[in-house]
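Every value quoted in this text rests on a predicted model; they were computed, and no experiment measured them. Ligands are counted one by one from 1 in listed order, and the atoms in each one are counted from 1 as well.
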Amino acid sequence: MYPSSFQKLIDHFNSLPGIGPKMAERLVLHLYKNSSDRIDDFARDLLRIKDITSCKTCFNIAESDQCKICADSSRDHTQLCIVEESLDILPIERSRAYNGMYHVLGGTIKKQDTHHLSIEPLLKRVLQNGFTEIIIATNFTTEGDLTAMYLQDMFVRANKDIHISRLVRGLATGSDIEYADDMTIRSAINNREKIS
Ligand SMILES: [Zn+2]
């Protein structure tokens with residue numbers, strides 16, 4: 001039996017995705033062995049997560065109304081890459097093959113339902129901004145494919161003269177962009193397929 005504060009921490013870690021009870025125990029033990037300064041830093045940064053918000057333009061994780069990418073005037077504001085989650089942006093950024101803007105959907109279409117996604121603001125953005133190319137970078141899963149088709153259809157109906165492309169399937173079917181390595185992402189972006 002652990003002291004209750006120790007056990008409570010284990011329970012917190014255990015409630016996180018991908019962390020089982022054994023790993024939770026190991027993490028808490030690791031923290032317990034840390035210096036008190038490092039624990040203070042950890043706790044302070046953890047509390048600050050409450051101040052993190054989402055960008056009002058692209059829905060990426062941000063510390064203010066605009067994320068760093070939207071606020072960066074040196075980026076190409078004519079290209080838009082649509083991803084499922086903020087986590088998908090990091091591997092694309094790391095690949096250095098893309099320097100445009102992003103839009104974070106917040107997931108995929110589920111049973112024809114799009115209400116949980118930022119699709120309305122996306123369409124508004126596309127209609128109002130001078131994008132010349134849209135890259136759909138949803139994952140190569142059934143839901144990701146459905147979402148890509150839905151978006152493609154929506155943009156075609158919006159009747160704007162914009163190139164629409166999708167990352168090539170160098171990324172294995174069923175795979176998540178989040179876990180792809182730099183080389184794979186770079187080649188998927190460089191060889192993107194024009195779909196309309
Ligand atoms: Zn943004």
So how far is it from I134 CD1 to R166 CZ, rounded to the nearest 0.5 Å?
14.0 Å
Kindly determine whether E84 and V104 satisfy side chain to side chain contact (heavy atoms under 4.5 Å, CB included), including the steps that lead there.
CA-CA 6 Å; E84 289 180 19; V104 179; over 6 Å; no
Would E93 and R186 pass as an ion pair if we require N to O under 4.0 Å?
no
How would you list, by chain and number, every residue that makes a side chain to side chain donor-acceptor pair (under 3.5 Å) with E133, sequence neighbours excluded?
Q79, S165, R192
Sub-2.8 Å protein N, O or S atoms surrounding the Zn ion (ligand 1):
C55 SG, C58 SG, C67 SG, C70 SG
Tell me, please, which residues at least two apart from R96 pass salt bridge (charged side-chain N to carboxylate O under 4.0 Å, His left out).
none
Residues pairing under salt bridge (Lys or Arg N to Asp or Glu O under 4.0 Å) where one sits in residues 24-38, two or more places apart or in two chains, turn out to be K22-E25
